[in-house]
Engineer: 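Let me give you the structure first, and then I'll get to my questions.
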Amino acid sequence: MDIAQTSFYHQAILTLAALVVLASFVMLGQGRLLRIVFVLALQGALLALATALAAFSTDNPHFYISSAITMVLKVILIPIMLRRLVIRMNIHREVEELTNRTSILLGGASLVIFSYYVMLPIVHTSHMVTLNAIAVSLAVVLLGMLMMISHRNAVAHVAGFMSIENGLFFAAIVSTSGMPMVVELGIAFDVLVAAVLFGVFFFHIHSSIDSLDVDRLNRLNEVEK
Amino acid sequence: MAWLIALLQTLLFIALAPLLAGWLKCCKCRLQNRRAPSLLQPYRDLRKLSHKQPVVARQASWIFTITPYIVFSATVLAASVVPLIAVDLPTAAIADVIVMVGFFALARFFQALAGMDIGTAFGGMGSSREMTIASLAEPAMLMAIFTLAMSASTTNLSVAIDHVLAGGFVLRPSYVFALLGLMLVAIAETGRIPVDNPATHLELTMIHEAMILEYSGRHLALIEWASQIKLMLYGVLIANIFFPWGIAETYSLEALGSGLLAITGKLALLAVLLALSETLLAKMRLFRVQEFLGFAYLLSLLGMLSHIILEVID
Amino acid sequence: MALFLAYCSVVTAVMSGVLALASGQRSGLQRITAALLNAKATHLAERFPKLPGYAEFIFTKERYPSLLRQAVFVLLGTCGVFAVLGGIAIMAADGAVIDQLSYGLPWLSWHVRFDSLSGFFHCVIGIAVIAVALYGPGYVNEFEESKHPFSVLGLFTGLFVAGMLLVPLADDAFFFVIAWELMSVASYFLVTWQHERSANRRAGFIYLLMAEVGAIALILAFGVLAGFSGGLTFAAMRSAELTPLWASIAFSLALLGYGMKAGLVPIHVWLPEAHPVAPSHISALMSGVMLKVAVYGFIRFAFDLLGDMQWQWGLAVLILGTASAVLGVLYAIMQHNLKRLLAYHSVENIGIIFMGLGLSMIFASSGHPKLAVLGLLAALFHTLNHALFKSLLFLGAGAILHQTHEADIERMGGLIHRMPKTAALFLIGCVAISALPLFNGFVSEWLTFQAALQAGVLESGVLRSLVPITAAVLALTGALAAACFVKVYGVVFLGAPRSSKVSHAHEVRSRGMLAGPALLAALCFLFGIFPTPVINGLNSVAGNLLNATLPSVSAMGWLWLTPVSSDVASYSAPLVLLAALLVGTLVSWVLHRVKETANRRADLWECGFGGVTPRMQYTSSAFSMPLRRIFKTVWEVDETIVREPAGAKGQRTAVVRYQLHIGDHAWRFIYHPIAHAVTTAARHIGKIQTGNIRVYLGYSFFTLLFLLWVIS
């Protein structure tokens, strides 16, 4: 079956899935912190929109609440917190020079192919039209981890972590008829708490080594060389 | 009958290209708070140039004098295989979209040779940079074409556009990515900001202008016209492949008329977008272009991957 | 009939080699001929009264060398003609002719088989040999007889061509390996013909070493097949039943052996050393034809002898081909020795051929025989095209070398004014190799793209995503090749001369040196405009190998090329040419109607700066600098800039010295470790040579004890 034969809502969800992956790639290649936070907010907005569409097409009103939570948390609260943090620590003018940015991006592309290959057996098990997107959500998770490995700034690490969670959330939407409400609320608040804790840690790190470059944490070991 | 329409369409292409350039200039001027010249000014410029005597350097060879004709012919050939107002184009069967890319490559090859022919540093610089940017843009362009060809299972442009029309309004992630990738490649290939500034003559920033610096008279007219046709061609490709609604599917007069109106509207809108991006963005330094084109390649690659992963549902 | 023509071609090649041996023996031959004519004075002098006159004419000191050389090359040319005719005959007959020659071992005579695949390769070899034979007499005249005897060159050229022609004829492993070795060893002597240069000696050593390692791999591959089939003949090997593991082992050995001779990355390192140092017409033969014989061997082994292919093999070949293509062209861009640059481009084109073969193998093993035929077609057509334009380019480079005695393009420039005909022919070669429309290189790249585009029918999603990626890399390769040839043509022929030797160069005087390349250029253009007859011929060649043919290649007539079907893709080269000529003439007619606008020649404008010297032009390294920065991890770049300050506080720069060395990573990461390991192992083993006679007696003693114990 080709995508042209599915309903418009399914096409829209699959397109949004592709745009979520694109947002991951844009974050991966980005050096400026405020833009990373903005793209993270965008990714959250796309996710909220996809959830709302899924709610509409599968007639599952419980998804509307998920969509609202996602919107409030991932598009408004957490990005605003991160943005305030970045501006208060005065690091918003630093640009991270990524060495071999092109190879990281192309490595990300091969991660997408790899996650497709891994998810092939699962895609064949169910008849849900949107199940193809589960390969995409695994790709978003893997790209989030790649982002944590390749960037040196701690704020970029947080963004990578958030996008891992975005990927898992997206997988839940496309493959199941939604997580139980309790689990969802729990995860949402965990993410919020994590963001707050990150903020506290940022201040500590910044005050002790005067930068947020995690490679400099190597120097915290006390053994004399 | 079909061949007549094809010939008419090619002539229309050639005739309308300076008008598009004039409209683009008009939009840019308005955005930058300047008074725009008349929309027909490019025609007057071409006419003036073709009546002037070309001055050719003594050490230039026959390659220098023959290149404008080759460039213009190759661009016109490329324009003849792209459907402008009617979908059914017999010339599209002569040369498919890969051959069209080959025509551009032919024009660029000779243009670069002409740049090196005169033995100046500017010419060599322009040729070197142009060939580098073209090499990086080729994989992105080809990958975007592949995405289209895989979903329409043809490289013949008429058949591909027919396929898109027949499907109705389908939202495909692969097409979204291919559109973005093709737009970035079009900016690089036609030499617009942020890759190359078409209005500059500073040596550090010239790419296309550097290669044609020594041309004058009717040679310059042909080359300028060819670059205007190329810009219009990329615009038509983007407009008619991704948003083909409005194009004439039969040869009746009203279908052709509405096809003409549709493409004029789409091109005008694309020109406004291009003028906006040229005004808002600054020209990149040369060694950032590889990231720009690498991103275009990534977009096209994601388009192809979304086609394989998301669109073939079994 | 076809087999007879093939035999004739081999025999004439050997004859030309033997005749070349006579080149140093003028006085001896003159005496013998005079004795012959006088001894049978009653018969010969009367019957053929003109014969002594002819003999005197031939053996005069001035005319004898050039007449002999022409005779040798005429024989070589007829060899080429026979090869082409034989190939066309067997392809038209569309069958296979089998024969047995009673040379060889007593229990294993040489089996000969001439089928359409062999015939196609005979055509390829023949065309290149004809061009080289036209070119040869003018070119070899410049070599000093005392230092570089023509007898050696002619003999080994003849043997080399004979070896190349024998390989496609072989139908058993023994004959195949003998012909292969004849080809390799004869070309070794050709590479080291100018042995006083250290570069030649080094290149010859590496070449022979790698050729022999490749031959060992080939023999092992044949051995695996022979072990399973119980015989050395190809017929027995075709029917052998191999387990998948052993089939993969045989395939890997064959890929190593044929890949080494063809020049796949990373086993290509002999190519850029050996091809530049050989005489230019030999480089043309080596690069244009010998690499194709390796491709023939690979096709014969994988498609014919092994038969049942696995998709992993196809994927491996595709990936190796892609890597060779892109790395070959990237290395080529950085070279400034003209022939070395062309040698690296051979690596690139062999990569493209292997990409087509890999696609064909993937389709064949996934049960799409018709698409496999498309891939094989693209690869075979590119084989023909590469033989044509690479030989053309090498012959052109030889002409430049002959006239300017300069190999470095950084010292050339402006040769289009001094050598206009060579420049025009070289331009055709450059346009053809850059895969631009209207010439043959474009058609084979178009076919390869069409084959890659059909990847949508494969079931494996991973393959479906990898094949378009390799096609995108092929697009990158094509664009980089065009960039490289703009650089080459622009720096060598256009602009102003960069050294005084080049500013005084003249056009080649020998007509043969223009006729050979002109023939190749005409064929490049012809096959670019009328590809359909050739594709039809190749369709039947591929059909014999894969038992399927493309049904609708010329479904719409001879004007159109529709490989899969007319809906999917179609290309009509003659109509494109017609349209291009129409537009061109129309435009120039319209613009030339105003009479006052004739071209006016004046000084260079150069933005009004003036004072332009040839040194201010872009050099080859300058042209490739952006690519060098973008792709800097591909090479080992060693760049040194030394500035000598001057002035009171050293703020002025008096002299800037710039040195750039580009190295191949393969040497540092693969070959130097191997060489190091081999020498270390040799040193350890060398410890048994103590030099002490008692130790050696002890060795014999202990060996004797051991054997006695074994016997008991």
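Proteins come first, then strands; the chains are lettered A, B, ... in the order of their sequence lines, and each starts at number 1. Every value quoted in this text rests on a predicted model; they were computed, and no experiment measured them.
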Engineer: To the nearest 0.5 Å, what is the distance between CG (C:Leu591) and CG (B:Leu49)?
Structural biologist: 11.0 Å
Engineer: If only atom types and distance count, is the side chain of C:Arg601 paired as donor or acceptor with the main-chain N or O of B:Val56 below 3.5 Å?
Structural biologist: no
Engineer: Kindly say whether C:Trp605 contributes a backbone atom to a donor-acceptor pair with the side chain of B:Glu214 at under 3.5 angstrom?
Structural biologist: yes
Engineer: Examine whether an atom of B:Leu77 lies under 4.5 Å from a heavy atom of chain C, and if so say whether it belongs to the side chain, the backbone or both; otherwise answer neither.
Structural biologist: side chain
Engineer: Between C:His417 and B:Gln59 (side chain of the first, backbone of the second, donor and acceptor by atom type, cut-off under 3.5 Å), is there such a pair?
Structural biologist: yes
Engineer: For chain C, find which of B:Gly102, B:Ser73, B:Ser61, B:Ala93 contributes the most heavy-atom pairs closer than 4.5 angstrom.
Structural biologist: B:Ala93
Engineer: Which heavy atom in B:Ala57 sits nearest to a heavy atom in C:Leu604, and how many Å separate them?
Structural biologist: CB-CD1, 3.4 Å
Engineer: With rounding to the nearest 0.5 Å, note down the distance linking CE in B:Met125 to CZ in C:Phe623.
Structural biologist: 12.0 Å
Engineer: Has B:Thr132 got a side-chain atom pairing as donor or acceptor with C:Leu627's backbone, closer than 3.5 angstrom?
Structural biologist: no
Engineer: Hey, which of B:Ile145, B:Leu222, B:Asp117, B:Asn156 has the most heavy atom pairs under 4.5 Å with chain C?
Structural biologist: B:Asp117
Engineer: Considering only heavy atoms, which portion of C:Ala622 lies under 4.5 Å from any heavy atom of chain B: side chain, backbone, both, or neither?
Structural biologist: backbone
Engineer: Which atom pair, heavy atoms only, marks the closest approach of C:Ile416 to B:Trp62?
Structural biologist: CD1-NE1, 3.6 Å
Engineer: Using a cut-off of under 4.5 Å for heavy-atom pairs, which of C:Thr619, C:Asp603, C:Val473 has the most such pairs with chain B?
Structural biologist: C:Asp603
Engineer: Considering only heavy atoms and a distance below 4.5 Å, find which of C:Gly584, C:Ala602, C:Ala483, C:Gly413 pairs most often with chain B.
Structural biologist: C:Ala602
Engineer: Please walk me through it: do C:Ile469 and B:Met143 pass side chain to side chain contact (heavy atoms under 4.5 Å, CB included)?
Structural biologist: CA-CA 8 Å; C:Ile469 294 181; B:Met143 192 59 99; 4.0 Å; yes
Engineer: When you look at B:Arg218 and C:Asn599, which way does the side chain to side chain contact (heavy atoms under 4.5 Å, CB included) test go after all the steps?
Structural biologist: CA-CA 10 Å; B:Arg218 59 167 174 270; C:Asn599 291 353; 3.1 Å; yes
Engineer: To the closest 0.5 Å, what do you measure between CG (C:Leu436) and CG (B:Leu106)?
Structural biologist: 5.5 Å
Engineer: For residues B:Asp96 and C:Gln450, is any side-chain donor paired with an opposing acceptor at under 3.5 Å?
Structural biologist: yes
Engineer: If you tally heavy-atom pairs under 4.5 Å against chain C, which of B:Arg108, B:Glu130, B:Met131 wins?
Structural biologist: B:Met131
Engineer: Could you measure the distance from the CZ atom of C:Phe485 to the CZ atom of B:Phe109? Nearest 0.5 Å is fine.
Structural biologist: 8.5 Å
Engineer: Quick one: do C:Arg600 and B:Val55 satisfy side chain to side chain contact (heavy atoms under 4.5 Å, CB included)? Show the steps, please.
Structural biologist: CA-CA 5 Å; C:Arg600 175 161 73 95; B:Val55 179; 3.5 Å; yes
Engineer: Could you look at B:His219 and say if it's the side chain, the backbone, both or neither that has a heavy atom under 4.5 Å from chain C?
Structural biologist: side chain
Engineer: Measure the spacing between OG of C:Ser465 and CD1 of B:Ile308 and express it to the nearest 0.5 Å.
Structural biologist: 4.5 Å
Engineer: Please look at C:Leu427 and chain B and tell me whether the side chain, the backbone, both or neither of the residue comes under 4.5 angstrom of a heavy atom of that chain.
Structural biologist: side chain
